[in-house]
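Input: a single structure, listed below in structure tokens.
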Amino acid sequence: MNPNPTTTFMPCSPSEPQQHLELESVREVPDSHAWPALDDHPTVYEPVPVVDLAGPDASVAHLARVCESWGAFQVTGHGIRSDLLERLESETRRLFALPMDQKLKAARPSNGISGYGLARISCFFSKLMWSEGFTISGSPLDHALKLWPDADPSRFCDVMQDYSDEMKQVAGRVVRLMLLSMGLTPEEMKRAEEGTRVDQLSAVLQLNSYPPCPDPNRAMGLAAHTDSSLVTLLFQSGTSGLQLLRRQDQHGPARWVTVPPRPGALIVLAGDLLQILTNGRYKSVAHRAVVNRNHHRVSVAYICGPPPHHKLSPVGKPASPAPCLAYRAVSWADYLGLKAELFDKALASIMVAEDSRGDEGICC
Ligand SMILES: C=C1C[C@]23C[C@@]1(O)CC[C@H]2[C@@]12CCC[C@@](C)(C(=O)O1)[C@H]2[C@@H]3C(=O)O
Ligand SMILES: O=C(O)CCC(=O)C(=O)O
Ligand SMILES: [Fe+2]
């Protein structure tokens, strides 16, 4: 995955002033938000796989095929009640509907993780994206108090907390199934489970808002990226916008596939840490969000990984023929640092070079 080639790729500079436009009131896409080419690959229709966690689809053989060929799937039978999803969507909309000066009171500090702001990857691009984001790491309470200083914070906090708690259970089941689908030896499975068991998982909740856009073919909601997570569980409102990048394969060249909204379903996206943990076998999926003219789309990503300082090292046979470990061990915290500096080159930066795989005990 490369950032849009005709939109200049830039190293991140956190000191740059951020531009916060009230996107909903803009009648024409300004030059600052006009992307020269969104069609780096064709957008095609392909049915995105569905895995029913409560049914036979959750078989490990099916999951292995889906992870290898798509790196993403829709998940049903997850047990999350529809009223929780409805409250999640409505609280997300309530937050983004606040006046800009109120949202900016909860702005993400330039070197911080959580709060309101432009897409974090914005600094790698010369054009701005047609979206706003709000990241919650840990308790949502401080944020709620800044956003609604005169109101009871429990309405927002309860929903975000309940949703995170439930997502953790679903993520734990999904990660375990993925590991089981790899056919690991008992020893490898034990190592793979260190840091990835449900009670150990850590996560951030990323709320995204994509207001209607007067010229959707010139604007980008969220540029192509992979998440750094083990897995991301994404809720999208009833409007499509998420697209998955399918790599070139026997069915054709690289292409964008839209994930249609499916009531009650969540979307699982394989992240970079899963690619590292599975020794390159289950690759992280590049994805982006496009915008539309009439609907205000929101999404909520539960971006989940091991404890921040747990060092994750690859297990299982590498995807390439060399009988070695493809990546050096890395913690999520260190990997996020690399990602903030190198963006889509971060994974390559921890790859163990072919000719050094025999050194330092890296070879299996
Ligand atoms: C833990 C994190 C993952 C994330 C960076 C962050 O520190 C908090 C926000 C996350 C997010 C959400 C939108 C896409 C993404 C690539 C980004 O720019 O910010 C992810 C980051 C990630 O997965 O690397
Ligand atoms: O809004 C979407 O569909 C994608 C969001 C996303 O990729 C993210 O939050 O990491
Ligand atoms: Fe993402």
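We number each residue from 1, following the sequence as shown. The basis for the numbers below is simple: all heavy atoms, side chains too, and nothing from hydrogens, waters or symmetry mates. Atoms within each ligand, like the ligands themselves, are counted from 1 in listed order.
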task = Tell me which one of D344, L207, T226, L336 gets a heavy atom nearest to atom 4 (C) of ligand 1.
result = L336

message = Within the protein, is there a heavy atom lying under 4.0 Å from atom 21 (C) of ligand 1?
response = no

task = Report yes or no: do T135 and Q206 form a side-chain donor-acceptor pair below 3.5 Å?
result = yes

inquiry  = Please tell me whether F125 and F343 form a close aromatic pair, meaning their ring centres lie under 6.0 Å apart.
reply    = yes

ask   = When you measure from atom 15 (C) of ligand 1 to every protein heavy atom, which one gives the shortest distance, and what is it?
value = H225 CD2, 4.4 Å

inquiry  = Can you list everything that forms a side-chain contact (heavy atoms from CB on, under 4.5 Å) with S139? Sequence neighbours excluded, please.
reply    = L141

ask   = Applying a 4.0 Å heavy-atom criterion (strictly less than), which segment of T232 is in contact with ligand 1: side chain, backbone, both, or neither?
value = neither

message = Taking 2.8 Å as the limit, list every protein N, O or S atom around the Fe ion (ligand 3), by chain and residue number.
response = H225 NE2, D227 OD1, H287 NE2

query = Any N or O of D227 that comes nearer than 3.5 Å to an N or O of ligand 1?
reply = no

query = Are the ring centres of F124 and H225 closer than 6.0 Å?
reply = no

Audit row: S229, D227, side-chain hydrogen bond (donor to acceptor under 3.5 Å, both in side chains) steps and yes/no = CA-CA 5 Å; S229 53; D227 294 348; 4.6 Å; no

query = Is the shortest distance from a Lys or Arg side-chain nitrogen in E194 or R191 to a carboxylate oxygen in the other one below 4.0 Å?
reply = no

ask   = Do E132 and Y116 get their side chains close enough for a donor-acceptor pair, meaning under 3.5 Å?
value = yes

request  = Find out whether the Lys NZ or Arg CZ of R288 is both under 6.0 angstrom from the six-membered ring centre of W256 and within 45° of the ring's axis.
outcome  = yes

Using a 3.5 Å cut-off on N/O to N/O, what pairs does ligand 2 make with the protein? A line per pair would be great.
| from | atom 1 | to | atom 2 | distance (Å) |
| --- | --- | --- | --- | --- |
| ligand 2 | 1 (O) | Y210 | OH | 2.6 |
| ligand 2 | 1 (O) | R297 | NH1 | 3.2 |
| ligand 2 | 1 (O) | S299 | OG | 2.7 |
| ligand 2 | 3 (O) | R297 | NH1 | 3.3 |
| ligand 2 | 3 (O) | R297 | NH2 | 2.7 |
| ligand 2 | 7 (O) | H225 | NE2 | 3.1 |
| ligand 2 | 7 (O) | H287 | NE2 | 3.0 |
| ligand 2 | 9 (O) | N208 | ND2 | 2.9 |
| ligand 2 | 10 (O) | H225 | NE2 | 3.3 |
| ligand 2 | 10 (O) | D227 | OD1 | 3.3 |

query = For ligand 1, which atoms sit closer than 4.0 Å to a heavy atom of V204?
reply = 1 (C)

query = Of the choices D272, I303, N208, I136, which has the non-hydrogen atom that lies closest to atom 10 (C) of ligand 1?
reply = I303

Pair E46 + R255: basic N to acidic O under 4.0 Å = yes

key: Those residues that, when tested against Q248, pass side-chain contact (heavy atoms from CB on, under 4.5 Å) (two or more places apart)   = none

inquiry  = Give me the residue, atom name and distance of the protein heavy atom closest to atom 19 (O) of ligand 1.
reply    = R120 NE, 3.5 Å

request  = Would you kindly check if the NZ (Lys) or CZ (Arg) of R65 is within the cone defined by 45 degrees around the ring axis of W70 and under 6.0 Å from the six-membered ring centre?
outcome  = no

query = Is the centre of the Y210 ring less than 6.0 Å from the centre of the W130 ring?
reply = no

message = Under a plain distance cut-off of 3.5 Å, with no hydrogens placed, do T226 and K339 share a side-chain donor-acceptor pair?
response = yes

